[in-house]
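Here is the structure we will look at.
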Amino acid sequence: MTDAAPAPPRRAPAVVAAVVTLAASTTLANRVLPGWAYPLCGLVAALVLVLLGRAASCTWHDLGLRTFRRPALVGLAGAGLVALGFGIALAVPSLRTVYQDGRVGDPDVGQLLWLTCGRILFGTVLIEEVAFRGVLPALFGATDERWRWPPILAAAALFGLWHALPALAIGRNAAVHAVFGSTPAVVLQVLAMAAAAAAGIFMHWWRHAGRGVLAPVIVHFTTNAGGLTLAVLVR
């Protein structure tokens with residue numbers, strides 16, 4: 001008599017728990033907690049999501065957290081492309097409105113370091129990449145060996161929904177206001193969420209190419225932190 005083959009992991013409860021965790025995290029971070037707790041909230045949520053993934057039988061490889069050398073190299077290559085794009089935007093006067101954002105304010109050097117290496121790195125980049133390029137795709141059945149659209153699209157759609165609250169302030173960007181100034185706020189919010197979902201697919205390509213979450217973490221951090229830094233410098 002031989003042992004029966006183990007049953008495939010049931011991941012639907014883990015998906016529900018992950019979505020609830022993300023919903024609670026974004027609500028707390030954007031509506032309840034003080035500003036200093038924003039990165040702490042993201043860090044805790046990321047840890048909870050990893051634990052959920054492991055409890056649902058996802059391996060470290062599934063979660064994109066097993067190797068770091070290749071993801072780092074691919075991520076740095078992506079960061080170089082982002083920096084090149086920033087340079088082009090700075091060199092073309094008509095594109096500089098991209099950096100004119102009413103949400104930036106007038107931070108000093110210390111505040112800028114806090115915003116980039118605190119809020120952006122842990123409150124935005126880490127939680128989003130762990131959740132939407134690591135845990136959720138793994139729970140939906142994505143693999144690094146083969147590009148599979150259904151799990152990637154499912155994670156990207158949730159990434160768009162994740163931006164529902166942040167998207168409310170998108171109209172304060174000068175470039176967005178110049179193009180969509182007369183657009184109703186709710187339509188602008190939906191467009192911003194759709195753009196975030198599309199960006200989620202693009203970011204997953206970096207995860208797929210790098211075979212790890214660190215690759216999109218580097219690209220995402222360079223994009224957000226670099227964009228904020230340039231917005232401060234050219235204001």
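Start at 1 with the first residue, then count along the sequence. Keep in mind it's a predicted model, so treat the numbers as computed, not measured.
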- Can you get from F159 to V50 by hopping between Ile, Leu, Val, Met, Phe, Trp and Tyr side chains that sit under 4.5 Å apart? yes
- Item | Heavy-atom closest pair, residues G212 and P71 | CA-CG, 3.7 Å
- Item | Derivation of the side chain to side chain contact (heavy atoms under 4.5 Å, CB included) call for V135 and L63 | CA-CA 5 Å; V135 176; L63 299 174; 4.0 Å; yes
- Query: Are R133 and W205 in a cation-pi contact, defined as NZ or CZ under 6.0 Å from the six-membered ring centre and within 45° of the axis?
  - Reply: no
- First locate atom CD of E128, then atom OG1 of T26, and finally report the distance between them rounded to the nearest 0.5 Å. 8.5 Å
- Measure across V74 and A209 and return the closest heavy-atom pair with its distance rounded to 0.1 Å. CG2-O, 4.0 Å
- side chain to side chain contact (heavy atoms under 4.5 Å, CB included) evaluation trace for W147 with H204: CA-CA 10 Å; W147 183 274; H204 193 90; 3.9 Å; yes
- Query: Roughly how far, to the nearest 0.5 Å, is OG1 of T223 from CG of L228?
  - Reply: 12.5 Å
- Task: Please round to the nearest 0.5 Å and tell me the distance separating atom CZ of F221 and atom CG of L214.
- Result: 12.0 Å
- Note on the structure: Contacts of T59 meeting side-chain hydrogen bond (donor to acceptor under 3.5 Å, both in side chains) (sequence neighbours excluded), chain-then-number -> D62
- Sequence neighbours excluded - salt bridge (Lys or Arg N to Asp or Glu O under 4.0 Å) pairs with any residue from residues 205-218: D144-R207
- Query: Minimum heavy-atom separation for L139 to A18, with atom names?
  - Reply: CD1-CB, 4.4 Å
- From CA spacing to verdict: side chain to side chain contact (heavy atoms under 4.5 Å, CB included), L22, L136: CA-CA 11 Å; L22 287 167; L136 285 172; 3.8 Å; yes
- Query: Does CZ in R148 sit with more than 12 non-hydrogen atoms of other residues, nucleotides or ligands closer than 6.0 Å?
  - Reply: yes
- Note on the structure: The reported gap from CZ in F86 to OG1 in T222 (rounded to nearest 0.5 angstrom) is 8.0 Å
- Message: Looking at every non-hydrogen atom in both residues, tell me the closest pair between R119 and G35 and how far apart they are.
- Response: NH1-O, 3.3 Å
- Any chance CZ of R70 has more than 12 other-residue heavy atoms, nucleotides or ligands included, within less than 6.0 Å? yes
- Message: A side-chain contact here means heavy atoms from C-beta on lying under 4.5 Å apart; do L126 and L121 qualify?
- Response: no
- Message: Which heavy atom of T116 sits nearest to which heavy atom of L113, and what is that distance?
- Response: OG1-O, 3.3 Å
- Item | Separation of E129 CD from M203 CE (nearest 0.5 Å) | 4.5 Å
- Can you name the residues that form a side-chain hydrogen bond (donor to acceptor under 3.5 Å, both in side chains) with T124, not counting sequence neighbours? Y38
- Message: Is there a continuous path of hydrophobic side-chain contacts, each under 4.5 Å between heavy atoms, that joins W162 to L28?
- Response: no
- Establish whether L161 and I127 are linked, either directly or via other cluster members, by ILVMFWY side-chain heavy-atom contacts under 4.5 Å. yes
- Note on the structure: Output for pair (L153 CG, L158 CG), nearest 0.5 Å, gives 11.0 Å
- Message: Please tell me whether W114 and L33 are part of a single hydrophobic cluster in this structure, the criterion being side-chain heavy atoms less than 4.5 Å apart.
- Response: no
- Query: For R11 and F140, what are the C-alpha separation, side-chain angles and deciding distance, and is it a side chain to side chain contact (heavy atoms under 4.5 Å, CB included)?
  - Reply: CA-CA 8 Å; R11 294 179 174 176; F140 289 137; over 6 Å; no
- Query: V125 and L40: same hydrophobic cluster, using ILVMFWY side-chain contacts below 4.5 Å?
  - Reply: yes
- So, for A155 and P137, which heavy atoms are closest and what is the spacing to 0.1 Å? CB-CG, 3.8 Å
- Got a sec: does the CZ of F122 have more than 12 other heavy atoms crowding it under 6.0 Å? no
